Amino acid sequence: MKIVKHKILVLSGKGGVGKSTFSAHLAHGLAKDETKQIALLDIDICGPSIPKIMGIEGEQVHQSGSGWSPVYVEENLCVMSVGFLLSGPDDAVIWRGPKKNGMIKQFLRDVDWGEIDYLIVDTPPGTSDEHLSIVQYLSSSHIDGAVIITTPQEISLQDVRKEINFCHKVKLPIIGVVENMSGFVCPKCKIESQIFPPTTGGAEKMCQNLNISLLGKVPLDPQIGKLGQFFFSEIPESPATSSYRNIIQRIQEYCGLHHSQEKLSNQGME
Amino acid sequence: KGGVGKSTVSTELALALRHAGKKVGILDVDLCGPSIPQMLKVQGKGVHQCDSGWVPVFVDQDKSISLMSIGFLLEKPDDAVVWRGPKKNALIKQFISDVTWGDLDFLIVDTPPGTTDEHISTVESLRPYKPLGAVLVTTPQAVSIGDVRRELTFCKKTGLRVIGIVENMSGFVCPHCLECTNLFSKGGGEELARHAGVPFLGCVPLDPQLTQSLEEGRDFIQEFPKSSAFPALAHIAQQILDRTS
């Protein structure tokens, strides 16, 4: 993992807020710069959604002398997920913690990632084995930080606050929060509705209270859920596109800033 | 799959069964993200011990719904439970064996997403009590169906009967113009039930009133009987009652 310049964890305390969807689009957005090598690691062992979202379900992983080969979606974008190791769509991974931890270790150690500019790690919801392990295993090399995904309603924010606490506990920097499914514009009457009402002020209020950056809000667009589609290129007119673009830019800026800071502090140590 | 409405369906099912005159217990084994206390407006309550074990929290004056959740054991509501598997398993075992539920008509167990420690431990601990089965909640789109197929495999492998599948967030009716948009696609749940040979319990549409109701710990079934979600939820509860008679 020493040949990985930037590592970003995509977290949420809450399930179903769009972590995998966001991770896939973040990877795709970063890969638009053809000079950068992007890797997406899916450590949701029970519910590996990344292969489906990226339209590469059913792809195989091969072993060679240099390790497991990740699946290449584009020349500069590769993916690894337990999904590629399953024998079929009904195959379930019914493992307790220690076995899941072992798999995550293997993903980091035995996959032939090559030299990577950005490693994005998509996680399952919660604050358990997978989360402790990934932070532990990556701690020897620097993790840029976590992007935390939420939806506007309090029942999500409740879990997200716990995730933020988790980050503080394990000293994982937080790049910022993304509020997903933030409003829906009816295609017929064009009036906006709040599907998941922000009864306690949404992510904006929570970020203000906890002094964390709100990276942006992404509206609900039914087209986003369509598999294998990356709407920057295919649906540029979607209201979610500009939100995503801005969020990705802010993440890049954060990583760039920290890279310079780390370089400076390393120079200072010499 | 996460975020499909397991806790919502668990809560609404409990309320519907209570309205049918039943005594219901809810066991919330989502240790990292316990949502049920808030949905029933009992967050912040304490749990007491008696001679025979832990006393669950009663949600109403009639004591017809009782609840146990790790939410009641946290010092602060934002405290994260950062536990590995073995610790989670131990607490779940305690929740099942050491809580004095009393005489119940139904015990509903709300689980986190996945097929891991919590699920294995819950099924193992409940096995001696011969559970009626599992209700699987999904949303219509393929990413959700993909995970629920694996959950069906889990049920098969652990010998847990499947009562049926609920397709949640199935369509959103715009409150302004009444146009229905399938935000998360449609029909995936029904098709999965057919493919897997399990009963399809029904589609529940997306209703922001339901979300708001749960956040404020109100009784949705009592307050919004005219909501589009109500008949669907009532029908699901009825099918479960029919299974027991």
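Protein chains get the first letters and strands the later ones, always in sequence-line order, with residue 1 at the start of each. Given the structure is predicted, the values throughout are model-derived calculations rather than measurements. Note: hydrogens, waters and symmetry copies are ignored here, and every other heavy atom, side chains too, is used.
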What heavy-atom pair brings Asp147(B) and Gly47(A) nearest, and what distance separates the two atoms? OD1-CA, 3.3 Å
When you measure from the side chain of Ser49(A) to the backbone of Val143(B), do you find a donor-acceptor pair of N or O atoms at a distance under 3.5 Å? no
Proximity breakdown for Ser35(B) and chain A, heavy-atom pairs closer than 4.5 Å: both
Criterion side-chain contact (heavy atoms from CB on, under 4.5 Å) on Phe184(A) and Thr181(B), from CA distance to verdict: CA-CA 10 Å; Phe184(A) 168 67; Thr181(B) 306; 3.8 Å; yes
Should Leu132(A) and Val82(B) be marked as a side-chain contact (heavy atoms from CB on, under 4.5 Å) after you check the CA-CA gap, both sets of side-chain angles, and the distance that decides it? CA-CA 8 Å; Leu132(A) 281 166; Val82(B) 186; 3.5 Å; yes
If I take atom CD from residue Glu154(A) and atom CD from residue Gln212(B), how far apart are they, to the nearest 0.5 angstrom? 12.5 Å
Against chain B, work out which of Val160(A), Thr151(A), Ile195(A), Thr200(A) has the most heavy-atom pairs shorter than 4.5 Å and name it. Ile195(A)
Chain A heavy atoms under 4.5 Å from Phe154(B): which part of the residue, side chain, backbone, both or neither? both
Between the main-chain N or O of Ala80(B) and the side-chain N or O of Asn165(A), is there a donor-acceptor pair closer than 3.5 Å? no
So, do Ile191(A) and Cys177(B) sit near enough that their side-chain heavy atoms are less than 4.5 Å apart? no
Where does Val17(A) contact chain B at under 4.5 Å (heavy atoms): side chain, backbone, both or neither? neither
Given a strict heavy-atom distance threshold of 4.5 Å, which part of Asp207(B) is in contact with chain A: side chain, backbone, both, or neither? neither
Okay, Asp221(A) and chain B: the region with an atom under 4.5 Å from a heavy atom over there is neither
I'd like to know whether CD of Glu192(A) has more than 12 heavy-atom contacts from other residues, nucleotides or ligands below 6.0 angstrom. yes
Taking the side chain as everything from C-beta on, heavy atoms only, tell me whether Cys46(A) gets closer than 4.5 Å to Glu151(B). no
Under 4.5 Å from a heavy atom of chain B, the part of Ser133(A) involved: both
When you measure from the side chain of Thr116(B) to the backbone N and O of Trp95(A), does any donor-acceptor pair fall under 3.5 Å? yes
Does a side chain donor of either Glu215(B) or Thr199(A) reach within less than 3.5 Å of an acceptor in the other side chain? yes
Would a distance-only check, ignoring hydrogens and angles, find a side-chain to backbone donor-acceptor pair under 3.5 Å from Lys162(A) to Pro77(B)? yes
Note: His176(B) and Cys189(A) closest approach over all heavy atoms is CB-SG, 4.1 Å
Is it true that the side chains of Gln38(B) and Gln158(A) contain a donor and an acceptor less than 3.5 Å apart? yes
Rounded to the nearest 0.5 Å, the NZ atom of Lys87(B) sits from the CG atom of Asp129(A) at a distance of 12.5 Å
Has the side chain of Thr127(A) got a donor or acceptor atom that lies under 3.5 Å from a matching backbone atom of Val81(B)? yes
Go through Pro86(B), Ala196(B), Pro34(B) and name the one with the most non-hydrogen pairs under 4.5 angstrom from chain A. Pro34(B)
With chain A, which of Ser121(B), Ser7(B), Pro113(B) has the greatest number of heavy-atom pairs at distances under 4.5 Å? Ser121(B)
Let me know if Leu86(A) has heavy atoms under 4.5 Å from chain B in its side chain, its backbone, both or neither. side chain
Rounded distance (nearest 0.5 Å) linking atom CZ of Arg149(B) with atom CG of Asp91(A): 11.0 Å
Answer yes or no: does atom CD of Gln194(A) have more than 12 heavy-atom neighbours from other residues, nucleotides or ligands under 6.0 Å? yes
Looking only at heavy atoms and a cut-off of under 4.5 Å, which of Pro187(A), Gly97(A), Pro222(A), Pro124(A) has the most pairs with chain B? Pro222(A)
Answer with side chain, backbone, both or neither: which region of Leu74(B) has an atom nearer than 4.5 Å to a non-hydrogen atom of chain A? side chain
Counting only heavy atoms closer than 4.5 Å, note whether Ile120(B) contacts chain A via side chain, backbone, both or neither. both
From CA spacing to verdict: side-chain contact (heavy atoms from CB on, under 4.5 Å), Val93(A), Arg150(B): CA-CA 8 Å; Val93(A) 177; Arg150(B) 297 187 196 107; over 6 Å; no
Need one label for Cys186(A): side chain, backbone, both or neither, based on atoms under 4.5 Å from any heavy atom in chain B. side chain
Atom OG1 of Thr153(B) and atom CG of Asp90(A): how far apart are they, to the nearest 0.5 Å? 4.5 Å
Pick one of side chain, backbone, both or neither for Lys88(B), based on which atoms fall under 4.5 Å of a heavy atom in chain A. side chain
Would you give the length of the straight line joining atom CG of Asp117(B) to atom NZ of Lys99(A), rounded to the nearest 0.5 angstrom? 12.5 Å
Correct closest heavy-atom pair for Cys32(B) and Gly126(A) would be CB-CA, 3.9 Å
Within this structure, what is the CE-CG distance for the pair Met206(A) and Asp78(B), rounded to the nearest 0.5 Å? 9.5 Å
Give, as side chain, backbone, both or neither, the part of Lys19(A) having an atom under 4.5 angstrom from any heavy atom of chain B. neither
Taking the side chain from Ser128(A) and the backbone from Arg84(B), do they hold a donor-acceptor pair closer than 3.5 Å? no
Contact origin within Glu130(A) toward chain B - heavy atom pairs under 4.5 Å: neither
Between Pro125(A) and chain B, with a heavy-atom cut-off of 4.5 Å, which part of the residue counts as in contact: side chain, backbone, both or neither? side chain
Who among Ser20(A), Pro48(A), Gly13(A) has the most heavy-atom pairs with chain B under 4.5 Å? Pro48(A)
Do Lys190(A) and Glu179(B) pass the salt bridge (charged side-chain N to carboxylate O under 4.0 Å, His left out) test, and can you show the C-alpha distance, the side-chain angles, and the key distance before you say yes or no? CA-CA 11 Å; Lys190(A) 309 293 182 205; Glu179(B) 166 92 349; over 6 Å; no
Heavy-atom distance under 4.5 Å to chain B: side chain of Ile155(A), backbone, both or neither? both
